[in-house]
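One structure below.
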Amino acid sequence: MIDHVAVRAALRAQHIETPSWAYGDSGTRFKVFAQEGVPRDAYEKIDDAAQVHRFTGVAPTVALHIPWDAVADYADLARYARDRGVGIGAINPNVFQEDDYRLGSVCHPDAGVRRKALDHLLECVDIMDVTGSADLSLWFADGTNYPGQDSIAARQERLSEALRTVYARLGPTQRMLLEYKLFEPAFYTMDVPDWGTSYAHCVDLGPAARVLVDTGHHAPGTNIEFIVAFLLGRSRLGGFHFNSRFYADDDLMVGAADPYQLFRIMVEIVLGGGLSAAAGVAFMLDQCHNIEPKIPALIRSVMNVQEATAKALLVDAEALRGYQAAGDVLAANAVLTDAFATDVRPLLASVREELGIDRDPIAAYHRSGYFEKIREERVGGAAAGWGA
Ligand code: PSV
Ligand code: MN
């Protein structure tokens, strides 16, 4: 039996964080395409994030990437966000875009470069203190391209040392999320290539260190829902960077490539209690909208996560357990496929009515005239984008 009141309550309560960098211009290594009306600074990115929240009702925070979003006064930025109905979410340090980091950051063979990277990570915790952010979201581009280039083991030691220093600096309500990535930018070894490496470092550090799962950071065919179930069961799933991929780290809209995979991930979340605030799972997007308009793409992405969540909430857990215990493979599988096949769009439209917003966020956004306004206003200055 499905408790429909609880399903609605869970859908109203879910929060999906958008990334500041998805509002700026982006591209591939071949070309960054300029779009009209793109924000020129962190304040304008917050204006856009506030629109995504206004039309979805479930995107109340925006993650920052430092120094892409560096401002003179973070208290002022946090106030600005609050006045627009959103908050500052995770802080993402950037230790990958300077010449000094050619051979890595916290794993670099040179102690001076390691210190520089560490100082930036610590500076980001200072920023969290001011913005009230709970999560320091760490991703290291560190790794090697050629066998013999550096010692794999020594790099792990350097990584541990840096993580320990940053962990010790965290406040009592702050967490460290450690993201892994199979390859890119390094092609031979990455220093945090997989969830096992991240998990081991987090266990060494303590309970406030958790693994961040970016759905685009796995080898093709990886069973991501297994990783999710395992980490959730050990209270080490810190959150997601949702996006979708056809080939590698494509950073396309979540749910666009494989909505069934997204559903399977959300099934493990729902069945494992990962939707409750106590579970501490942060649902964040990490995407780049290179060719599509950014704000509607983010609205669509939030809706895609909601659809997968709604379908997962419609899994009849009691029936599923019964079939599993009885070894009824086909009936157990059908519980999942039936839930996946349900059209949850009317349910979500009515949940939106309960939230006091339009049933159709995309149409409401297009009607609002916001894009026409920013297209007119945001002329001159440099559009925010990679490296800016
Ligand atoms: C790296 O590919 C990554 O997923 C990390 O989360 C970065 O912070 C983000 O993308 C930046 O584009
Ligand atoms: Mn990511």
Side-chain angles (χ1 to χ4, degrees), residues 16-29 32-33 39 42 45 61-70 88-98 101 104-107 117 120-121 123-124 127-128 133 135-143 166 175-187 190-195 197-198 210-219 222 224 227-228 231 237-254 257 262 265 281-290 294 297-298 301 305 384-388:
I16 299 154
E17 181 163 306
T18 66
S20 68
W21 53 99
Y23 298 97
D25 278 332
S26 59
T28 64
R29 48 194 175 121
V32 171
F33 292 107
K45 290 178 187 175
T61 55
V62 54
L64 300 187
H65 219 295
I66 309 294
W68 293 342
D69 297 316
I88 309 283
I91 300 295
N92 293 248
N94 183 324
V95 283
F96 51 86
Q97 270 190 322
E98 288 183 51
Y101 298 136
S105 63
V106 293
C107 303
H120 177 60
L121 304 185
E123 177 203 347
C124 285
I127 294 171
M128 292 168 71
S133 299
D135 290 334
L136 180 71
S137 196
L138 298 179
W139 175 69
F140 298 105
D142 292 50
V166 178
R175 310 189 305 172
M176 174 194 284
L177 309 183
L178 183 56
E179 179 175 357
Y180 57 91
K181 185 171 178 178
L182 169 73
F183 83 102
E184 201 196 28
F187 297 117
M190 287 292 278
D191 291 312
V192 189
D194 52 28
W195 69 271
T197 309
S198 175
R210 291 185 174 210
V211 181
L212 188 142
V213 177
D214 183 314
T215 48
H217 289 187
H218 307 86
T222 300
I224 299 175
I227 299 168
V228 168
L231 294 173
L237 180 63
F240 291 98
H241 269 178
F242 280 129
N243 50 59
S244 63
R245 53 82 67 79
F246 288 100
Y247 297 100
D249 188 21
D250 303 349
D251 280 342
L252 301 174
M253 290 186 297
V254 58
L262 182 60
I265 290 170
V281 179
F283 299 96
M284 303 179 281
L285 307 179
D286 178 6
Q287 306 184 156
C288 291
H289 307 297
N290 302 347
K294 297 160 200 304
L298 284 157
S301 304
V305 174
W386 287 350

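First listed ligand is number 1; within each ligand, the first listed atom is number 1.
With sequence neighbours left out, Phe187 forms a ring-ring contact (aromatic ring centres under 6.0 Å, His included) with no residue at all. With sequence neighbours left out, His120 forms a ring-ring contact (aromatic ring centres under 6.0 Å, His included) with no residue at all.
A salt bridge is absent between Lys181 and Asp214: the closest approach of a Lys/Arg side-chain nitrogen to an acidic carboxylate oxygen does not fall below 4.0 angstrom.
Atom numbering of ligand 1 starts at 1 in the shown order; those under 4.0 Å from a heavy atom of His241 are 6 (O). Close approach of ligand 1 to Asp249 (heavy-atom distance below 4.0 Å) involves ligand atoms 2 (O). Numbered from 1 in the order shown, with element, the atoms of ligand 1 that lie under 4.0 Å from a heavy atom of His217 read 1 (C), 2 (O), 3 (C), 4 (O).
Distances between N or O atoms of His65 and those of ligand 1 include at least one value under 3.5 Å. Note: no N/O pair closer than 3.5 Å links Trp68 and ligand 1 by distance alone. Geometrically, ligand 1 and Asp214 share a nitrogen or oxygen pair separated by less than 3.5 Å.
Ring to ring, Tyr180 and His218 are close: their centroids are under 6.0 angstrom apart. Under the 6.0 Å cut-off for aromatic ring centres, Trp139 and Phe96 qualify, their centroids lying closer than that.
Looking at His241 and the Mn ion (ligand 2) together, the shortest N, O or S contact belongs to ND1.
Neither the backbone nor the side chain of Asp251 has any atom closer than 4.0 Å to an atom of ligand 1 (non-hydrogen atoms only). Proximity of Glu184 to ligand 1, defined as any heavy-atom pair under 4.0 Å, is not found for any part of the residue.
Summarising the contacts of atom 9 (C) of ligand 1 with Asp286, Leu177, Asn94, the nearest heavy atom is found in Asp286.
Using a 30° and 60° split on the angle between ring planes, Trp21 and His65 fall in the perpendicular class, above 60°.
Around the Mn ion (ligand 2), the two atoms OD2 of Asp214 and OD2 of Asp286 are separated by an angle of 90°, to 10 degrees.
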